[in-house]
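Everything below concerns the one structure shown next.
Since the structure is predicted, the reported quantities are computational estimates derived from the model, not experimental observations. Every chain is numbered from 1, with letters handed out A, B, ... down the list of sequences.
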Protein chains: 2
Amino acid sequence: MNKKRAQILNAAIELFSLNGAWNTPTAKIAKHAGVANGTLFNYFSSKQILVDEVYIEIKKDLAEFIVPASLGKSFESNLRLLWHNYIIWGVRKPLHYNLLLQLRNSEMLSEEAKVKADEIFQGIMGILEKGMSDKKIVPLPIKYLSELIMAQTDAAINFAKLHQMEKEKLEEHIKRSFSVFWHGAKT
Amino acid sequence: MNKKRAQILNAAIELFSLNGAWNTPTAKIAKHAGVANGTLFNYFSSKQILVDEVYIEIKKDLAEFIVPASLGKSFESNLRLLWHNYIIWGVRKPLHYNLLLQLRNSEMLSEEAKVKADEIFQGIMGILEKGMSDKKIVPLPIKYLSELIMAQTDAAINFAKLHQMEKEKLEEHIKRSFSVFWHGAKT
DNA sequence: ACATAAAGTGACTGACTAGTCAATCTTTTT
DNA sequence: AAAAAGATTGACTAGTCAGTCACTTTATGT
């Protein structure tokens, strides 16, 4: 069954996010997932692997959510869409988002997991970077632009959460955050 | 003696940063600090308290480093200086910087430690926020500006590290990063 | 209906670690 | 220089938890 695997992953995501992965015993995860202690290890042969898989799962979820279904229009509109979707994801899935940050900075991930997770985003990053260099819309190094995009979307997510934004207000905020980025980058 | 306390804190900062605080036994910290196991608990009554104190220590170090000695000129020049100093600090003290991010997202800090650490920055933030609202240089909410400042300086630190920047090149990069922010914010 | 395989279980264990404390060493006081 | 106070020590303990494995339950094939 793959259902059990998903149950365990979901339980892990929730408990890791709320209490910290370092502070969450595998027994608690199993219980929360409604399976026996030993069953967890049938699906994930060690806690390390579970942590890695949780990270990859979250990145996959994110990638699937933000990737523009209809790609091709102008580079700016593609970037706008990615920008929008990432912020929405961060606001709508606070547990996932929180855990993403936690694991990124925790020294808990194996190198393999980091590489694998990066590979998921290679497609998206490739499109982005190609667009940036082709159009040379912007006089900044591509890698710095990527950093800026990540950083400013994170700032936007934090602010949106702080004010518990929804619907129109959130959409307004997202638009404005993109303008701020776009004007800055075009300096 | 306060020297021992400092030794323990420094050992903890190094080991926490490299291996993760969750993964660093108190015994290892004591050994690395050149004191006995029990001595650590004479200075920090629990590991939780040690972690909290490490976090506060780092924040103090940062505050001391970035605060403009000569304050008073224009708001923009003050902000420029804070911006500059924070990035320099992040680049020069990679262990401190790394651990700051790690602890922020780790669910390891007590609420009291977070509050105490925030208090250290209340002065700086106050000046900043007052400057922003007084001059109304910028049509964005103050809290969002703060988020943007933190986010964009972090991006600048990452990029500087990625390219192992130093001296003039680093200074150029810092200047540019501020321009990007400033132009964006004035949208 | 039976046999064989696969999936699930949970009590158990070996390793690890935060925190203790009685004993020892060092510093200060008288 | 003796005594008292304070600091340091590290062997020890009590608790926790990742991972195991002999057994049970469920699914599949004949």
Worked check of side chain to side chain contact (heavy atoms under 4.5 Å, CB included) between L79(A) and F181(A): CA-CA 11 Å; L79(A) 181 55; F181(A) 163 74; 3.8 Å; yes
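Atoms CD1 (I8(B)) and C1' (dG19(C)) sit 14 Å apart, rounded to a whole Å. Between the P atom of dA5(D) and the CG atom of N42(B) lies a distance of 18 Å, rounded to the nearest Å. N2(B) places its CG atom 14 Å from the C1' atom of dA7(D), with the value rounded to the nearest Å. The nearest whole Å value for the distance from the CZ atom in F41(B) to the C1' atom in dG6(D) is 20 Å. For the pair K3(B) NZ and dT8(D) C1', the computed distance is 16 Å after rounding to whole Å. One interatomic measurement links the two molecules: CZ of R5(A) to C1' of dA7(C), which rounds to 16 Å at whole-angstrom precision. Rounded to a whole Å, the CG atom of L50(B) is 13 Å from the C1' atom of dG19(C). Protein atom CD of Q7(A) is 13 Å distant from nucleotide atom C1' of dG8(C), rounded to whole Å.
Note on E111(B) versus K114(B): salt bridge recorded, some NZ/NE/NH1/NH2 to OD/OE distance being below 4.0 Å.
N2(A) places a side-chain heavy atom less than 4.5 Å from the side chain of R5(A).
Residue-level contact check: S46(B) touches the backbone only, with heavy atoms under 4.0 Å from sugar-phosphate atoms and none from bases.
H84(B) and F178(B) have their aromatic ring centers separated by at least 6.0 angstrom.
Side chains of D52(B) and S110(B): a donor on one and an acceptor on the other come within 3.5 Å. N158(A) and E147(B) form a side-chain donor-acceptor contact under 3.5 Å, judged by distance and modelled atom types alone.
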Show the atom names and distances, to 0.1 Å, of all donor-acceptor pairs under 3.5 Å that link a side chain in residues 93-101 of chain B to residues at least two apart or in another chain.
unit_1: K93(B); atom_1: NZ; unit_2: D61(B); atom_2: OD1; d: 3.0
unit_1: K93(B); atom_1: NZ; unit_2: D61(B); atom_2: OD2; d: 2.8
unit_1: Y97(B); atom_1: OH; unit_2: D154(B); atom_2: OD1; d: 2.8
unit_1: N98(B); atom_1: ND2; unit_2: E107(A); atom_2: OE2; d: 3.3
unit_1: N98(B); atom_1: ND2; unit_2: S17(B); atom_2: O; d: 3.0
unit_1: N98(B); atom_1: ND2; unit_2: S17(B); atom_2: OG; d: 3.1

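Residue Y43(A) has no polar side-chain atom (N or O) positioned under 4.0 Å from OP1 or OP2 of dA7(C). Residue K47(A) places none of its side-chain N or O atoms closer than 4.0 Å to OP1 or OP2 of dG19(D).
Interface residues of residues 21-37 of chain A facing DNA chain C, ordered by number: V35(A), A36(A), N37(A); criterion, heavy-atom separation under 4.0 Å.
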